[in-house]
**Q** 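Input: one structure, supplied below.
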Amino acid sequence: MKINSIKYYCSASFLLLSMAFSFGQNLEENLNLLLVREDKVAPDLADEYEMSLADLRDYLTENQIKGFNYFTHIKDDFQFTHILPLNSLDELNEGTRKALIKKINKPEMELIMDYFDLSLDSYIQYVVQYKPELSYVPSSQQWDEGNTYRKWHYYQFYPGSEDKVEEIFAAYKNLYKTKNVEMGFRVFSGFIGIERPTYILTTWANSPLDYHQDLEKASTILGDDGALLWSKLMEMVKEAKITEGWYLPQYSYAPDTNLAE
């Protein structure tokens, strides 16, 4: 493990947690700004890392800590991703380990956080903005514990193409809605700490098999119109990256939210 990584991590450890404040019961209306923290964990230390995640969640649950929310995921490269809703960028002012300890104000918190250092190699963090006007979330398909499989599509576009990109996403959403497609997607745009213009397309399902079956069904329903829109979008893509993984409700803590809404 890199000493510099640990030192830097300790100086700003759990920035992801110190900025998750209460933002109401309706997640859809409040997913404007999200802090995304990606922890790189050595595969042989993943068990220890997950034990720390469990300890943290149990501690927060037992002490009924409010105004404190995060959603944990694991990707196929042993990268753990934590997503935290932000009310505003002002919440970034005290994004330090000290701020979290001050908020909880109990010595056990520092001990729990110290254990994370032992399995963490490095981390990155950035802020994205949720685009509900470009996203399609059918009421028949939830993305909580019932559909924990995730696929993340990162598309970096050429500068100056944002308006056209969003126009295509809006048309795509309208096509999905018009044809009553059951498969949904959410769109996020890069905001701080990530190359721009970058858009992240997130899809979900119960399992990888269900995902591909849903995708095949959606493609058939969308037909040539869907294929044409997708082709236009891909013509503007500078770089693309697609990863898959799982939402981990057993390690997430969100007493102020309801993912089913």
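If you're wondering where the values come from, they're calculated on a predicted model, not measured in any experiment. Each residue takes its place number in the sequence, starting with 1.
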**Q** Is the shortest distance from a Lys or Arg side-chain nitrogen in Glu166 or Lys131 to a carboxylate oxygen in the other one below 4.0 Å?
**A** yes
**Q** Roughly how far apart are Asp121 CG and Phe78 CZ, rounded to 0.5 Å?
**A** 14.0 Å
**Q** Between Tyr172 and Val237, is there shared hydrophobic-cluster membership here, with clusters defined by ILVMFWY side-chain heavy atoms closer than 4.5 Å?
**A** yes
**Q** Would you find more than 12 non-hydrogen atoms of other residues, nucleotides or ligands less than 6.0 Å from Asp163 atom CG?
**A**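 Incorrect, the count does not exceed 12.
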**Q** Would you confirm whether Tyr253, through its side chain, and Leu60, through its main-chain N or O, come within 3.5 Å as a donor-acceptor pair?
**A** yes
**Q** Looking at NE2 of His153 and CD1 of Ile242, how far apart are the two atoms once the value is rounded to the nearest 0.5 Å?
**A** 5.5 Å
**Q** Quick check on Asp224: does its CG atom have over 12 non-hydrogen neighbours (other residues, nucleotides or ligands) under 6.0 Å away?
**A**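 No, CG of Asp224 has 12 or fewer neighbouring heavy atoms, counting only those of other groups under 6.0 Å.
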**Q** Step by step, would you call Thr72 with His82 a side chain to side chain contact (heavy atoms under 4.5 Å, CB included)?
**A** CA-CA 4 Å; Thr72 298; His82 309 277; 3.0 Å; yes
**Q** For the backbone of Thr202 and the side chain of Arg186, can you confirm whether one donor and one acceptor N or O come within less than 3.5 Å of each other?
**A**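 Between the backbone of Thr202 and the side chain of Arg186 there is no qualifying donor-acceptor contact (under 3.5 Å).
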**Q** Which heavy-atom pair separates Leu248 from Phe80 by the least distance, and what is that distance?
**A** CD1-CE2, 4.1 Å
**Q** Any side-chain to backbone donor/acceptor pair from Ser207 onto Asp210? Under 3.5 Å, distance only.
**A**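 Between the backbone of Asp210 and the side chain of Ser207 there is a qualifying donor-acceptor contact (under 3.5 Å).
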**Q** Quick one: pull up CE in Met183 and CD1 in Ile221 and give me the separation to the nearest 0.5 Å.
**A** 11.0 Å
**Q** A cation-pi test, strictly: NZ or CZ of Lys75 under 6.0 Å from the centre of the six-membered ring of Trp152 and no more than 45 degrees from its axis. Yes or no?
**A** yes
**Q** Kindly check if the number of other-residue, nucleotide or ligand heavy atoms within 6.0 Å of OH (Tyr154) is above 12?
**A**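 Yes, the 6.0 Å shell around OH holds more than 12 heavy atoms from other groups.
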**Q** After noting the C-alpha distance and the side-chain angles of Asn206 and Tyr211, does the key distance pass the side chain to side chain contact (heavy atoms under 4.5 Å, CB included) rule?
**A** CA-CA 7 Å; Asn206 180 259; Tyr211 172 83; over 6 Å; no
**Q** Find out if a path of hydrophobic residues (ILVMFWY) with successive side-chain heavy-atom gaps under 4.5 Å connects Tyr59 to Tyr70.
**A**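 Tyr59 and Tyr70: one cluster.
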**Q** Can you find a heavy atom in the side chain of Leu35 that is under 4.5 Å from one in the side chain of Ile83?
**A**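 No, their side chains stay 4.5 Å or more apart.
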**Q** Assigning hydrophobic clusters by single linkage (Ile, Leu, Val, Met, Phe, Trp, Tyr; side-chain heavy-atom cutoff under 4.5 Å), is Leu215 placed with Leu229?
**A** yes
**Q** To the nearest 0.5 Å, what is the distance between OG1 on Thr178 and NZ on Lys173?
**A**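 NZ of Lys173 is found 11.5 Å from OG1 of Thr178.
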**Q** Measure centre to centre between the rings of Trp204 and Tyr149, then say whether the value is under 6.0 Å.
**A**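 No; Tyr149 has its ring centre 6.0 Å or more from that of Trp204.
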**Q** For a 4.5 angstrom cut-off between non-hydrogen side-chain atoms, does Leu33 reach Gln129?
**A** yes
**Q** Would you check if Trp230 and Leu222 make a side-chain contact, meaning some heavy-atom pair closer than 4.5 Å?
**A** no
**Q** Give a yes or no on this: more than 12 heavy atoms of other residues, nucleotides or ligands lie within 6.0 Å of atom CD of Glu244.
**A** yes
**Q** For a side chain to side chain contact (heavy atoms under 4.5 Å, CB included) check, start with the C-alpha distance between Leu53 and Asp55, then their side-chain angles and the critical distance, and finish with the verdict.
**A** CA-CA 5 Å; Leu53 288 177; Asp55 288 342; over 6 Å; no
**Q** Looking only at heavy atoms, which two atoms of Ile194 and Val127 are closest? And how far apart?
**A** CG2-O, 4.4 Å
**Q** Taking atom CD of Glu133 as the centre, report whether more than 12 heavy atoms of other residues, nucleotides or ligands fall under 6.0 Å from it.
**A**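 Atom CD in Glu133 is crowded, with more than 12 foreign heavy atoms closer than 6.0 Å.
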**Q** Looking only at heavy atoms, what is the nearest atom pair of Pro85 and Asn69, with distance?
**A**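 That closest heavy-atom pairing would be CD-O, 3.9 Å.
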**Q** Do Pro138 and Val181 touch side chain to side chain, with heavy atoms closer than 4.5 Å?
**A** no
**Q** For Glu195, look at atom CD and say whether over 12 heavy atoms of other residues, nucleotides or ligands are found less than 6.0 Å away.
**A** no
**Q** May I ask you to say whether Lys232 pairs ionically with Glu235, meaning some side-chain N is under 4.0 Å from a carboxylate O?
**A** no
**Q** What distance separates Ser122 OG from Lys40 NZ, expressed to the nearest 0.5 Å?
**A**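 Atom-to-atom, Ser122:OG and Lys40:NZ are 5.5 Å apart.
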**Q** Restricting to non-hydrogen atoms, name the atom on Arg150 and the atom on Asn147 that form the minimum distance, rounded to 0.1 Å.
**A**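 Residues Arg150 and Asn147, closest heavy atoms: NH1-O, 2.5 Å.
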**Q** Do Phe188 and Tyr199 make the cut of ring centroids closer than 6.0 angstrom?
**A** no
**Q** If you define the side chain from C-beta out and look only at heavy atoms, does anything of Asn32 sit under 4.5 Å from Tyr130?
**A**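 When only atoms from C-beta onward are counted, Tyr130 and Asn32 do not touch, as no gap falls below 4.5 Å.
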**Q** Any donor-acceptor pair under 3.5 Å linking the side chain of Ser135 with the backbone of Val187?
**A**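 Checking the backbone N and O of Val187 against the side chain of Ser135, a donor-acceptor pair under 3.5 Å is found.
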**Q** I need the minimum non-hydrogen distance between Phe157 and Met236, along with the two atoms involved.
**A**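 That would be CD2-O, 3.2 Å.
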**Q** What do you reckon, is NZ of Lys151 surrounded by more than 12 foreign heavy atoms closer than 6.0 Å?
**A** yes
**Q** State yes or no: are the ring centers of Phe185 and Tyr176 separated by less than 6.0 Å?
**A** yes
**Q** Please answer whether the main-chain N or O of Ala170 pairs with a side-chain N or O of Asn174 as donor and acceptor at a distance below 3.5 Å.
**A**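 No, the answer is negative, given that no donor and acceptor are paired below the 3.5 Å cut-off.
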**Q** Nearest heavy-atom pair of Glu38 and Thr81: which atoms, and what distance?
**A**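 Result for this residue pair: CG-OG1, 3.7 Å.
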**Q** Quick one: does any side-chain atom of Ser119 pair with a main-chain N or O of Ala46 as donor and acceptor, under 3.5 Å?
**A**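 No; zero donor-acceptor contacts below 3.5 Å.
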**Q** If you count heavy atoms of other groups shown closer than 6.0 angstrom to CE of Met234, is the number above 12?
**A**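 Yes.
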**Q** Assigning hydrophobic clusters by single linkage (Ile, Leu, Val, Met, Phe, Trp, Tyr; side-chain heavy-atom cutoff under 4.5 Å), is Tyr49 placed with Met51?
**A**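 No; Met51 is not reachable from Tyr49 via cluster members.
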**Q** Start with the C-alpha gap between Val128 and Tyr126, add the side-chain angles, then the distance that decides, and say whether side chain to side chain contact (heavy atoms under 4.5 Å, CB included) holds.
**A** CA-CA 7 Å; Val128 299; Tyr126 51 91; 3.7 Å; yes
**Q** Would you give the length of the straight line joining atom OG of Ser161 to atom NZ of Lys238, rounded to the nearest 0.5 angstrom?
**A** 10.5 Å
